[in-house]
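First the proteins, then the strands, lettered A, B, ... as listed; each starts at 1. Predicted model only: the values in this text are computed from it and were never measured.
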Amino acid sequence: MHWNSLADFLAMGSHGLYVWGSVAVMALLMLAEPTLLLQGRKRLIARLKRQYRAERSEARLKSQTNTGRSRD
Amino acid sequence: MLILIRAVIGRDLRLAMRRQADIVAAMFFFIIVVSLFPLGVGPEPDQLRKLAPGVLWVAALLATMLSLPRLFAEDHRDGTLEQLALAPQPLGLVVLGKVIAHWLVAGLPLVLLAPVLGIQFDLAGDALAVLTLSLLIGTPALSGIGAIGAALTLGVRGGGVLLSLLVLPLYIPVLIFGAGAVDATVSGLGPQAHLSLLGALALGGVFFAPWPTAAALRVALE
Amino acid sequence: MLILIRAVIGRDLRLAMRRQADIVAAMFFFIIVVSLFPLGVGPEPDQLRKLAPGVLWVAALLATMLSLPRLFAEDHRDGTLEQLALAPQPLGLVVLGKVIAHWLVAGLPLVLLAPVLGIQFDLAGDALAVLTLSLLIGTPALSGIGAIGAALTLGVRGGGVLLSLLVLPLYIPVLIFGAGAVDATVSGLGPQAHLSLLGALALGGVFFAPWPTAAALRVALE
Amino acid sequence: MLEASNLECVRGERRLFADVSFRLEGGEMLYLQGMNGSGKTSLLRMLCGLTPAASGEIRWRSQPIGKLGETFRSELCYLGHHNAIKEELTPLENILSSARLAQESLDEEAALDALELVGLHGREDLACRYLSQGQKRRAALARLVHEKRALWILDEPYVALDRAAIQLIAGLVGAHLQRGGLAVLTTHQAVAVPAAAVRELWLGADDATQQRF
Amino acid sequence: MLEASNLECVRGERRLFADVSFRLEGGEMLYLQGMNGSGKTSLLRMLCGLTPAASGEIRWRSQPIGKLGETFRSELCYLGHHNAIKEELTPLENILSSARLAQESLDEEAALDALELVGLHGREDLACRYLSQGQKRRAALARLVHEKRALWILDEPYVALDRAAIQLIAGLVGAHLQRGGLAVLTTHQAVAVPAAAVRELWLGADDATQQRF
Amino acid sequence: MSNRVINWFRYASPQTFYPLAGRLIPWFWALAAIFGVAGLTIGFLVAPTDAQQGEGYRIIFLHVPASWMSMFIYLVMAFWAAMGLAFNTRLSGMMASALAPTGALFAFLSLWTGALWGKPMWGTWWVWDARLTSELILLFLYIGFIALQAAIDDPRRADKAGAILALVGVVNIPIIYFSVKWWNTLHQGASVSLTKAPSMAALMLWGMLLCALACWMYSIAIALMRVRTIMLERERHTDWVRALLAEKE
Ligand code: HEM
Ligand SMILES: Nc1ncnc2c1ncn2[C@@H]1O[C@H](COP(=O)(O)OP(=O)(O)OP(=O)(O)O)[C@@H](O)[C@H]1O
Ligand SMILES: Nc1ncnc2c1ncn2[C@@H]1O[C@H](COP(=O)(O)OP(=O)(O)OP(=O)(O)O)[C@@H](O)[C@H]1O
Ligand SMILES: [Mg+2]
Ligand SMILES: [Mg+2]
């Protein structure tokens, strides 16, 4: 172990701001990317499921009634 | 009246959003032009610092100018402009709305970017602040004046380049006061005088320019 | 094959002549950008002399770029491009013809103007000669590379600005060698190395670029 | 209501027509005919006030339209060769925003109804650039469904439409006339508009006989 | 000569048509019909090789057109929705330069004849931007007058034309078929082409019945 | 021969690739975490102070991996683009678009960490040095690629256009690099020259390599995740996606 105290570690020999600035942004972005991806994926799956359900119900409706125009 | 202006702004912003590319790419054009200069001129920091206000302002001017041809051209081509001209309100108000929308899409992003790019040129804090402020005041003038040129060259073949020919001379005062404000700050004089002249230009550009623009549009439609 | 290329060049030149504005205005854009710089940067001759190669080259680059969107856009809009794609020859040859025509209209005038503008920046005789020569060799590369970008952004909304985003990074080597040649002359080193690299880029740009361009055009037409 | 007297149109070195006069009352339609290039579009644009006439006068409710200005324009609905739709926007957005710009109130429900009526059902949310030529025209014409302004000026509305759509538009024009509106219309396709009074006007009379078959 | 088998077209999320097959011999015309948006333009562009088909194959003289490439294109003449004329050039320049780009020989005399035939007599030297909509279309169609290539693909050629011009174009197509050529044509206007064998193809069959009136 | 080609194409079909990728992703995440922890431990806790640069040099453990990845990902992207154009497989285009954002991310991180390193070492955030400039241009190339694909809605067209751009870009990258280098060395002048890192202690080297490996694994994992999402989106009309989502209920 190279460091004597936590304060030393954080100070990084007076370059703390730069070093931790790099680390923070890199960590942030590298965590944000997968998080956003997962979120997007969840949203996509939910949307697709909704869409499939709508299609199924529409198909059912069509087979039941062939008269009248329905919009949604 | 306000409703109309709002409707125009809303529609134009929606179109810009839909194209996505528009906003992002205008910003990147600005970034790239600014970054080209060191590549052409050489990397000495001292020299670059001196160039910074001029380069940034010229780049802002070009970025705005590039987006001008589309200000009316598409509305003209697809017949929307005829419809606007036939709407029961002064065409000038429609133009005012379009100018504001243009600034929001093409001017404001430049203002927000300027400080970051200034750092590449090694500008100091106060110079950065004045640079941003001068752009904030000056870019509306660019949009307003540009609209006149865009209307005058509408439907004229080769309009895009002709447009720059018409508009650039009118842009020169804006450029001089804008870059001058930053220069004055760097050299220790206050920027106030430059900035207030710039403000006057902006007010004129935004509120006076729509009327000649409207007239030019009617001529283009004849 | 040569007949086809000649036919394309002939038609494009005739169109440019008919529009008039095109050629004249591209030149004036170049002039105005070059003249804007002293306004933005300040009038010290020493500094200007150092800036000259960079500014002239950046201006040439921007002027070429501004005329790119129209390279295929009008042919696309009015259906001519479909006809060209359906013609019984490789589309690449048509593109080659259009690139040459574009250079004649947008590049060559800049080359002819450059010495005059260089004088404004107080450049010496040999530097002027090298500047002109570097533009003569370099501008064809700009037209060729630009064609790829123009084809890729064809029919894409917000294409004009997206085009500059795509094309400018590709232009950077041309800019560096072009401005570098002049700089090298000014600082006493010979420009040969730069110029021959520029020549290589130009050959590549003119004879290699038409093929990806043709591929991109076919994609745009799908 | 709409009255034109001795209109003359000069284009370049060519006099397209002269001494064109007509009078149109509420419920009447003017069916403008003539071969290609006879000046129909030019005449329509004059009636809108977009192009000035070389000579002659156009009056609306007995006032010259130049003097009426916005008052006239607020009673006018013009549909030209161009569709005036934005390719990036969806049909729904297009119809809503064009209503808003013309300062008419149109709620989304009504807009959706209009789109359904012109057969764009299922394409309300597809950017117009993907529509077929006829569908684009339909999107443009959807404006007419709830259009209540008195004077409709339609330049070849039927272009690119299929037969069903043409019947539909003719029906819309007919209903407008029934309500007491006025319409001026050009087309090269013979379509019967269900209207009480259709006046015909031939432009380029000397060519007309050659045309009529 | 021209043979399509099981063509399928998918646009965005929509399957426009599937299992479209036909066979066309010299002297025959395919009359493609269907309501707006049924995929006629898309099919024509597939036949030209501009758009790839989602599935299926197109053969010309028993070879897949993808493989034939330039050989196929040298026998093809396509006229789309757009006129492919330059607004700055005159009709004469337009017809000459489009012939040159297609590597056909056309002398000025023949070009002038063609323009006169389509009724642009007196407008040969007027920039096309001044022409009326129908005249522009006529300038585009003037290419057909001396067109000798075997396969004509025409997308709504009659749009914006007046009745005289429509008859003229129909006559040109008829003569082409007589010479043993092939044509594929769409239009919403019922125009009789004087041809021996006209095959009809309806796209969007389920809508077809609703359409037919 | 032909057999092998067919085999290859089998894995190139989204339907077979999707579950495969799903099974691989956790492993790559695990490897990324292991390498990352090890690398950062060595780099930040164990490695000694640098004689010339003090503690500030520790940015190297972030900066170099990010820089390497940003360049390497572009090559991989261009490779997939070429495959897509040559064999017209759907997977290739999807891979290329899945890689681009991650590449842009690393290019940005390289710039960011480099700038934060430059301030204490050189006294300025930015100089127009060859490496720095080429990295900036690389970021532009990525953004151009992403913007082009975003501007075209038809995915197949977007893939092809993107592929052409990626290939043209990959030809251009070495040209850019050497041109910039040349430009800069000729100028020299007042510019700050890059202080060469001292011959690195073995520990530092290890730390850097481990961090680089972690970034590799991260990139693969992310690319696979993104490509799976893209597949679902693009293939939403196919039966296999329907079946897959129905299963999940
Ligand atoms: C915005 C600023 C910077 C950018 C864009 C940048 C970019 C790069 C790139 C692209 C590489 C990989 C290139 C290669 O391996 O040949 C790299 C490596 C490296 N950079 Fe930077 N850099 C920046 C600032 C700095 C600073 C300030 C330092 C140190 C004072 C530095 C030190 C290094 C070192 C030591 C390597 C590894 C070299 C090697 O492995 O050969 N960089 N940087
Ligand atoms: N500068 C000019 N010089 C000569 N003739 C001109 C000029 N500008 C326009 N024209 C002519 O004016 C006419 C314009 O006609 P307009 O567009 O009104 O015709 P239209 O009746 O609407 O025809 P279409 O049925 O084809 O739409 C055309 O015959 C055109 O050739
Ligand atoms: N991205 C997309 N998503 C959904 N539908 C699309 C998309 N792109 C095109 N379409 C549909 O594809 C069809 C294209 O039809 P096409 O242009 O071939 O029609 P057409 O038969 O020529 O019609 P018209 O008679 O109007 O010319 C339209 O119905 C359009 O709505
Ligand atoms: Mg007309
Ligand atoms: Mg069609």
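For the set Leu232(F), Val241(F), Thr41(F), the entry with the most heavy-atom pairs within less than 4.5 Å of chain A is Leu232(F).
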Name every donor-acceptor pair, under 3.5 Å, that has one atom in a side chain of residues 22-39 of chain A and the other anywhere in the protein, sequence neighbours excluded.
unit_1	atom_1	unit_2	atom_2	d
Ser22(A)	OG	Tyr18(A)	O	2.9
Glu33(A)	OE1	Tyr218(F)	OH	2.6
Glu33(A)	OE2	Thr102(F)	OG1	3.0
Glu33(A)	OE2	Arg226(F)	NH2	2.8
Thr35(A)	OG1	Leu31(A)	O	2.5

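Checked against the 6.0 Å centroid threshold, Tyr18(F) and Trp240(F) count as a close aromatic pair.
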Between Ile45(A) and Lys49(A), does a side-chain contact (heavy atoms from CB on, under 4.5 Å) hold up when you go through it step by step?
-> CA-CA 6 Å; Ile45(A) 289 179; Lys49(A) 279 185 178 163; 4.1 Å; yes
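Neither the backbone nor the side chain of Tyr57(F) comes within contact range of chain A; no heavy atom of the residue lies under 4.5 Å from a heavy atom of that chain. With a 4.5 angstrom heavy-atom cutoff, Phe61(F) does not touch chain A via any of its atoms. For Leu62(F), the parts lying under 4.5 angstrom from a heavy atom of chain A are both the backbone and the side chain. The contact between Leu105(F) and chain A is made entirely by side chain atoms (from C-beta outward), counting heavy-atom distances below 4.5 Å.
No side-chain heavy atom of Met69(F) sits less than 4.5 Å from a side-chain heavy atom of Pro65(F).
Partners of Trp27(F) according to the ring pair (Phe, Tyr, Trp, His ring centres under 6.0 Å) rule, which considers only residues two or more places apart in sequence or in another chain, do not exist here.
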